[in-house]
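So that the names make sense, note that chain A is the first sequence line, chain B the second, and so on, each numbered from 1. Since we're looking at a predicted model, the values are computed, not measured.
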Amino acid sequence: MSNDLKLYNSLSREKEVFTPITPGHVGLYVCGPTVYSDVHLGNVRTFTSFDIIYRYLLHKGYQVRYVRNITDVGHLRDNGEDRMGKQARLEKLEPMEVAQKYTVGFHEMMRLFNNHPPSIEPRASGHIIEQITMVEEILKNGYAYESNGSVYFDVEAFNAKNDGLYGKLSGRKIDELLAESRDLNAQADKKNPTDFAIWMKATDDHILRWPSPWGEGFPGWHLECSAMSTKYLGEEFDIHGGGNDLKFPHHENEIAQNAGSCSDGCQNAGAHYWLHTNMLLMNGRKMSKSDGNTITPQQLFTGDSAHVTDSYGPMMLRFFMLQTHYRSPMDLTDDALQAAKKGYARLMEAWANLQNLEGEGGAQNGTVGKELTAGLVAAYAEMDDDFNTPKALAKVFELVSRINALKGGQLSLQEVSKVALEDFRSGLATLLFDVFGLQDGGPDLIGMGAGDEALSKVMDLVLDLRDQARTDKNWGMSDKLRDGLKEAGVVVKDGKDGTEWSMG
RNA sequence: GGUUGGGUGGCCGAGUGGCUAGGCUCAGGUCUGCAAAACCUGCUACGGCGGUUCGAAUCCGCUCCCAACCUCCA
């Protein structure tokens with residue numbers, strides 16, 4: 001295993017060489033969804049980004065424990081209402097039915113996008129005891145106080161003893177936060193407005209509630225991630241990821257809770273590397289239901305939306321995501337999707353073309369063979385540089401030209417040894433399918449005729465007839481067949497080794 | 001107002017001091033009966049204004065614009 005993987009650590013704001021705590025092993029924690037509604041496309045982007053990161057770590061030979069939680073309690077709305085509880089009321093369901101319903105939908109969407117399931121997918125509601133224990137530890141360390149049945153994290157006390165750790169991730173200065181909001185004196189139970197609840201007293205009408213040393217209540221949002229990452233990955237672990245909208249307050253609070261609950265107040269508690277994915281925009285603006293600037297994954301699949309002119313399958317969308325670096329904002333526009341759809345088709349076609357190539361060079365590999373090998377090495381090297389999928393893909397597309405030129409005869413297969421071609425084929429397969437997680441003939445092609453035996457036979461017959469017409473120089477008949485097929489959605493391509501056809 | 005991250009060619013989107021990705025589109029060419037596809041070639045851009053430097057898209061300052069989070073939020 002080479003050790004030259006670099007990743008951008010949000011904590012230091014620099015690219016760092018990745019050094020795991022235990023050689024050969026990686027503990028990876030990613031904040032999962034709150035399951036109170038259908039999965040948002042932005043979530044899909046975030047989890048797909050981390051899926052590629054997970055896949056690449058596996059590819060590097062690491063044994064990875066990938067923990068991604070399901071939040072089904074504690075995440076409140078602006079007015080203090082539990083998100084799960086509210087949705088349960090609206091749908092007339094038990095809160096846990098709501099959680100189940102949207103968890104199933106979430107898993108289905110992850111499967112369509114070919115995301116690996118995590119190693120462990122713990123639920124917040126299944127870890128109440130661990131969360132209560134963590135609250136007790138934070139209290140014991142003097143970084144929290146009980147107030148009227150709730151327990152609050154004491155940010156000022158924590159920062160006094162921990163070298164201003166709180167605020168480091170998000171770049172916030174705690175003094176400024178205090179100065180700005182001190183005179184607002186809104187929340188009576190808190191000592192300071194910057195303090196946040198780690199255990200909350202349940203009001204009479206609050207459904208999700210558990211007994212605790214402080215009375216009936218429920219854990220604060222933020223706490224579940226600290227408790228579950230500690231339980232499954234340890235007090236210190238390697239990588240923590242999430243969308244950058246979670247940086248503050250969620251991740252900042254997580255860090256404080258991890259450090260604040262650590263038995264000897266260790267500064268290094270929690271994750272060593274923090275990775276944040278950027279947001280998904282549509283037409284340059286944030287996706288927002290209220291102003292109609294939104295689209296669901298389903299609408300993209302079917303094309304049933306005023307925002308798009310075409311349908312876009314999950315694999316093509318995955319390719320689209322690969323073209324943008326995970327730390328850059330991704331702008332979803334119909335033009336960009338159209339370009340990506342064509343690019344993806346070109347890539348997959350080149351892959352298919354590669355299957356039919358045979359190296360003709362001897363033991364000695366020629367220039368083209370060396371280019372193939374070098375290009376692939378370069379593509380993998382880009383992945384080592386903070387998972388730079390757009391650049392890796394750029395290298396792959398340079399190879400696409402080589403593959404097509406070998407097929408078309410512009411380059412000679414004499415220039416490629418059999419061994420080099422075999423290695424290239426398997427190396428490219430690993431990159432495209434294992435690391436990028438694309439699927440050849442995946443869900444995008446369903447219903448498009450691929451693998452349809454009857455159609456295939458009909459096409460053989462039609463092309464045979466057309467071939468005869470061409471031999472007879474009966475161009476009228478030949479073109480009539482071609483035009484007719486095109487109208488039916490079948491494109492005919494005359495190559496030097498016979499005629500091929502494809503849908504669309 | 002604060003914090004963080006952005007503004008790159010017709011459209012996307014990498015790149016972080018000189019070697020100037022890639023995809024899509026467009027133009028020319030090769031191939032083809034004609035097309036399509038494929039291949040080759042071309043299109044030299046970095047929001048604005050200053051500054052540092054032999055040299056800046058890349059560093060510094062100011063400014064404009066966009067986004068997320070925060071400022072009220074249990």
Side-chain angles (χ1 to χ4, degrees), chain A residues 10 13 42 74-82 150 152 167 169-173 176-177 179-181 184 186-187 189-190 193-203 206 217-218 220-222 243-252 276 278-281 284-287 319-320 322-325 327-344 346-347 349-350 353 378 382 385 388-398 400-411 470 473-475 478-479 482-483 486 491-496 499-502:
Chain A
S10 302
R13 298 176 219 286
H75 195 171
L76 307 185
R77 299 174 63 241
D78 289 356
N79 61 6
E81 193 173 14
D82 187 283
S150 293
Y152 292 94
L169 177 70
S170 58
R172 279 166 172 78
K173 300 242 180 331
E176 287 175 12
L177 285 176
E180 276 169 19
S181 43
L184 294 166
Q187 313 96 322
D189 293 348
K190 289 187 190 178
T194 47
D195 295 347
F196 56 92
I198 49 181
W199 185 265
M200 275 175 282
K201 179 183 183 176
T203 52
H206 200 99
F218 55 96
W221 181 49
H222 317 307
N244 80 180
D245 56 332
L246 294 180
K247 240 189 215 177
F248 189 88
H250 187 64
H251 291 332
E252 198 71 78
H276 286 99
N278 217 128
M279 295 293 99
L280 177 67
L281 308 175
R285 293 182 301 130
K286 78 163 181 172
M287 283 202 180
F319 171 84
F320 180 64
L322 284 161
Q323 282 192 309
T324 305
H325 188 87
R327 282 193 285 114
S328 298
M330 187 167 101
D331 192 7
L332 200 78
T333 63
D334 193 56
D335 284 348
L337 288 168
Q338 278 293 305
K341 189 170 184 171
K342 287 178 188 166
Y344 177 60
R346 192 163 118 87
L347 175 63
E349 203 148 321
N353 291 340
E382 295 299 349
D385 184 15
N388 197 328
T389 55
K391 235 179 157 187
L393 217 43
K395 299 293 177 196
V396 169
F397 269 101
E398 288 174 17
V400 163
S401 301
R402 293 287 171 283
I403 293 167
N404 289 337
L406 284 168
K407 187 209 174 206
Q410 291 93 348
L411 291 174
R470 294 180 72 211
K473 297 201 191 304
N474 184 352
W475 308 128
S478 158
D479 290 353
R482 184 173 65 198
D483 294 345
K486 189 173 182 185
V491 179
V492 171
K493 301 172 206 170
D494 295 322
K496 70 184 177 79
T499 301
E500 295 176 355
W501 63 277
S502 63

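- The side chain of S328(A) places an N or O atom within less than 4.0 Å of a non-bridging phosphate oxygen (OP1 or OP2) of rA14(B).
- Between the CG atom of L332(A) and the P atom of rA67(B) there is a distance of 16 Å, given to the nearest Å.
- On a pure distance criterion of 3.5 Å, a polar donor-acceptor pair joins the side chain of R482(A) and the base of rA35(B).
- Rounding to whole angstrom units, CD of residue E349(A) and C1' of rA36(B) are separated by 11 Å.
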Between N or O atoms, less than 3.5 Å apart, protein on one side and nucleotides 22-29 of chain B on the other: list the pairs.
residue	atom	partner	partner atom	Å
rG23(B)	OP1	R346(A)	NH2	3.4
rC24(B)	OP1	R346(A)	NE	3.3

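- Regarding contacts with the backbone of rG15(B), a side-chain N or O of N388(A) is found under 4.0 angstrom from either OP1 or OP2.
- OP1 or OP2 of rC39(B) sits under 4.0 Å from a side-chain N or O of N404(A).
- Listed candidates were rG6(B), rA67(B), rG13(B). Nearest to the side chain of L281(A) is rA67(B).
- Residue R172(A) places a side-chain atom within donor-acceptor reach of the base of rC69(B), judged by atom type and a 3.5 Å distance cut-off alone.
- Across the protein-nucleic acid pair, K247(A) atom NZ and rU3(B) atom C1' stand 9 Å apart, rounded to whole Å.
- One cannot find a donor-acceptor pair under 3.5 Å joining the base of rA37(B) and the side-chain atoms of D494(A).
- The side chain of R470(A) lies closest to rG33(B) when the candidates are rA38(B), rC69(B), rG33(B).
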